[in-house]
Amino acid sequence: MTTATNQNSETLLEELKLEEEIKIEFKDTHVYFDYLPMPGRVRLNLITINPKHKQKFLFHTSSGETKVEALDKMTKHIASHKKNLEHYT
């Protein structure tokens with residue numbers, strides 16, 4: 001897996017932008033991005049932590065050839081999840 005010092009600035013900024021978009025979707029819940037290198041891929045476990053009860057929960061796992069691709073898939077999953085929740089309210 002490529003380290004941040006070896007990546008170009010545009011890639012790092014895109015990662016930060018996508019991470020921030022995800023954090024905004026979860027409002028007051030703490031979000032942790034757990035990146036796991038795999039051969040030719042990156043797996044992203046999105047972990048949420050309830051600030052009141054300090055309980056953690058694996059929200060979803062996505063993977064991609066890069067962190068940006070894994071984050072992009074995660075944002076799409078969150079949008080789909082959010083849309084599905086609207087059907088229940």
Report task. Take atom CG of Asn8 as the centre, draw a 6.0 Å sphere, and report whether it contains more than 12 heavy atoms from other residues, nucleotides or ligands. Result -> yes

Query - Heavy-atom neighbours of Phe26 CZ exceed 12 at 6.0 Å - result: yes

Query raised in the report: Does Phe57 belong to the same Ile/Leu/Val/Met/Phe/Trp/Tyr cluster as Tyr32, with side-chain heavy atoms less than 4.5 Å apart forming each link?
Result: no

Query - Distance, nearest 0.5 Å, that separates OG of Ser80 from CG of Asn84 - result: 4.5 Å

Requested in this report: Tell me, with the steps shown, if Lys17 and Glu20 meet salt bridge (Lys or Arg N to Asp or Glu O under 4.0 Å).
Outcome: CA-CA 5 Å; Lys17 180 183 130 241; Glu20 190 59 33; over 6 Å; no

Query raised in the report: Would you say Lys56's side chain and Ile47's backbone share a donor-acceptor pair under 3.5 angstrom?
Result: no

Report task. For residues Leu46 and Ile78, determine if any side-chain heavy atom of one lies less than 4.5 Å from a side-chain heavy atom of the other. Result -> yes

Query raised in the report: Can you tell me if Ser62 uses its side chain to pair, donor with acceptor, with the backbone of Ala70 under 3.5 Å?
Result: yes

Query raised in the report: From Met74 CE over to Ser63 OG, what is the distance, rounded to the nearest 0.5 angstrom?
Result: 9.5 Å

Requested in this report: Output all residues satisfying side-chain hydrogen bond (donor to acceptor under 3.5 Å, both in side chains) with Asn50, sequence neighbours left out; order by chain, then residue number.
Outcome: none

Report task. Determine, step by step, whether His30 and Thr48 satisfy the side-chain contact (heavy atoms from CB on, under 4.5 Å) criterion, reporting the C-alpha distance in whole Å, the side-chain angles of both residues, the deciding distance to 0.1 Å, and the verdict. Result -> CA-CA 6 Å; His30 300 294; Thr48 58; over 6 Å; no

Query - Test item: Thr29 and Ile49 side chains (from C-beta on) under 4.5 Å apart, heavy atoms - result: no

Report task. Give, for atom CG of Leu71 and atom CG of Leu18, the distance between the pair rounded to the nearest 0.5 Å. Result -> 5.5 Å

Query raised in the report: Can you check whether Ile24's main-chain N or O pairs, donor with acceptor, with Lys27's side chain at less than 3.5 Å?
Result: no

Query - Side chain to side chain, Arg43 and Tyr35, heavy atoms closer than 4.5 Å - result: no

Requested in this report: Would you kindly confirm whether Phe33 and Phe59 end up in one hydrophobic cluster when ILVMFWY residues are joined by side chain heavy atoms under 4.5 Å apart?
Outcome: yes

Query raised in the report: Is there a chain of hydrophobic side chains (I, L, V, M, F, W, Y, each step under 4.5 Å between heavy atoms) that links Leu58 to Leu36?
Result: no

Report summary line: Rounding to 0.5 Å, atoms CD (Glu65) and CZ (Arg41) come to a distance of 6.0 Å

Query raised in the report: Do the side chains of Thr66 and Val42 get nearer than 4.5 Å, heavy atoms only?
Result: no

Query raised in the report: Under 4.0 Å between a Lys/Arg side-chain N and an Asp/Glu carboxylate O for Lys23 and Glu19?
Result: no

**Report entry** Working for side-chain contact (heavy atoms from CB on, under 4.5 Å), residues Leu44 and Thr61
**Finding:** CA-CA 6 Å; Leu44 168 58; Thr61 298; over 6 Å; no

Query raised in the report: Between His77 and His60, what is the ring plane arrangement, given parallel below 30°, perpendicular above 60°, and tilted in between?
Result: parallel

